[in-house]
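In what follows, every chain begins at residue 1, and chains take the letters A, B, ... in the order their sequences are listed.
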Protein chains: 2
Amino acid sequence: MPKFMDVHDGFVGVTEEQLGEAHAADLAIEGDEGVHFEKAWLDPASGKVFCLSSGPSKEAVQRIHERTGHPTDQVFEIAVEV
Amino acid sequence: MPKFMDVHDGFVGVTEEQLGEAHAADLAIEGDEGVHFEKAWLDPASGKVFCLSSGPSKEAVQRIHERTGHPTDQVFEIAVEV
C-alpha cells in the first residue's frame with residue numbers, strides 16, 4: 001500500500017485538543033477510502049501540519065481530508081524512507 | 001528535547017541508496033550539535049524530502065544539513081503530534 005505525506009497550512013495557534021479532533025474526524029471515515037492516517041505533526045507557530053498516511057492513491061487521501069474540512073493540494077507519495 | 005520536521009526540495013529522481021547515503025552523512029555528525037535525525041521520507045517524483053529530528057534548536061538541525069550538503073530553510077518545530 002503506498003504511503004503519503006501531506007502538508008496543510010493555516011493551522012496557526014491550533015491546540016493539541018483541536019489537532020486531536022481533526023485527526024479523529026479523519027480516522028472515523030478513512031475506511032471509506034481504504035486510507036489510514038498514521039500520524040500528524042503540528043507546528044502551531046507557522047500553522048503547518050504534516051500527516052503520514054497509507055492508502056490506495058493521493059486522491060483517496062485528499063477525499064478524506066476534504067470531507068473532514070481540511071483539504072490540501074500538497075500530497076506526496078513516499079517511495080523511499082530511511 | 002524539541003522535535004522538528006524539515007522539508008527539502010530538488011531531490012527529483014533520487015534513489016533509496018542515495019537517500020540512505022545523505023541520511024548516513026547526517027547521522028555521522030549529528031552528535032556535534034546534539035541533534036538526532038529519526039526518519040526521512042522521499043517522493044522522488046516531486047523531489048520532496050521530509051526529515052523528522054530532535055535537537056536543541058532549528059539552527060542546530062540546519063547546521064548539520066548544511067555541513068552535509070543539503071541545506072534547507074524549511075524547518076518547523078513540532079509542538080504537537082497525534
Side-chain angles (χ1 to χ4, degrees), chain A residues 1-28 30 35-55 57-59 61-62 64-65 68 70 72-82, chain B residues 1-28 30 35-55 57-59 61-62 64-65 68 70 72-82:
Chain A
M1 185 83 81
K3 281 194 163 188
F4 301 93
M5 185 74 82
D6 64 70
V7 185
H8 303 257
D9 292 300
F11 281 67
V12 175
V14 161
T15 66
E16 181 163 8
E17 184 179 358
Q18 290 169 323
L19 184 70
E21 286 169 1
H23 187 55
D26 288 330
L27 294 179
E30 64 181 14
V35 169
H36 177 54
F37 288 97
E38 296 181 15
K39 195 84 188 169
W41 296 271
L42 164 66
D43 172 14
S46 67
K48 288 270 183 190
V49 173
F50 301 90
C51 298
L52 186 68
S53 65
S54 57
S57 68
K58 282 186 193 184
E59 291 73 21
V61 171
Q62 286 178 302
I64 296 297
H65 276 330
T68 53
H70 36 267
T72 181
D73 289 336
Q74 304 172 76
V75 185
F76 303 96
E77 184 167 343
I78 301 302
V80 178
E81 57 185 297
V82 295
Chain B
M1 184 84 80
K3 279 193 164 189
F4 301 93
M5 185 75 81
D6 65 69
V7 185
H8 303 257
D9 291 301
F11 281 66
V12 176
V14 161
T15 65
E16 181 163 8
E17 183 179 358
Q18 290 169 324
L19 184 70
E21 287 169 0
H23 187 54
D26 288 331
L27 295 179
E30 64 180 14
V35 170
H36 176 53
F37 289 97
E38 296 181 13
K39 194 84 186 167
W41 295 272
L42 163 67
D43 172 12
S46 67
K48 288 271 184 189
V49 173
F50 301 89
C51 298
L52 186 68
S53 65
S54 57
S57 68
K58 282 186 194 184
E59 292 72 21
V61 171
Q62 288 179 302
I64 297 297
H65 276 330
T68 53
H70 36 267
T72 181
D73 290 334
Q74 303 173 77
V75 185
F76 304 96
E77 184 167 344
I78 302 302
V80 178
E81 57 184 298
V82 296

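Of the two parts of B/A79, the backbone and the side chain both hold a non-hydrogen atom closer than 4.5 Å to a non-hydrogen atom of chain A. In this structure, chain A has a heavy atom under 4.5 Å from the side chain of B/F50, while its backbone stays farther away. Heavy atoms of B/V7 lying under 4.5 Å from chain A belong exclusively to its side chain. Heavy-atom distances place no part of A/A45 under 4.5 Å from chain B, backbone and side chain included.
A/T72 and A/H70 are not linked by any side-chain donor-acceptor pair at a separation below 3.5 angstrom, with hydrogens and angles left out of the test. For the residue pair A/D6 / A/Q62, no side-chain donor-acceptor distance below 3.5 Å is found, with atom types taken as modelled.
Checking side-chain atoms of B/E81 against main-chain N and O of A/K39 turns up no donor-acceptor pair under 3.5 Å.
Interface remark: of the candidates B/K3, B/M5, B/E16, B/M5 forms the most heavy-atom pairs closer than 4.5 Å to chain A. Residue with the most contacts toward chain A among B/V49, B/V82, B/I78: B/V82 (heavy-atom pairs, distance under 4.5 Å).
Between B/F37 and B/H23, the ring planes lie perpendicular to each other; the angle is over 60°, past the 30° to 60° tilted range.
In this structure, CD in A/E59 is found 13.0 Å from CD1 in A/I64, a value given to the nearest 0.5 Å.
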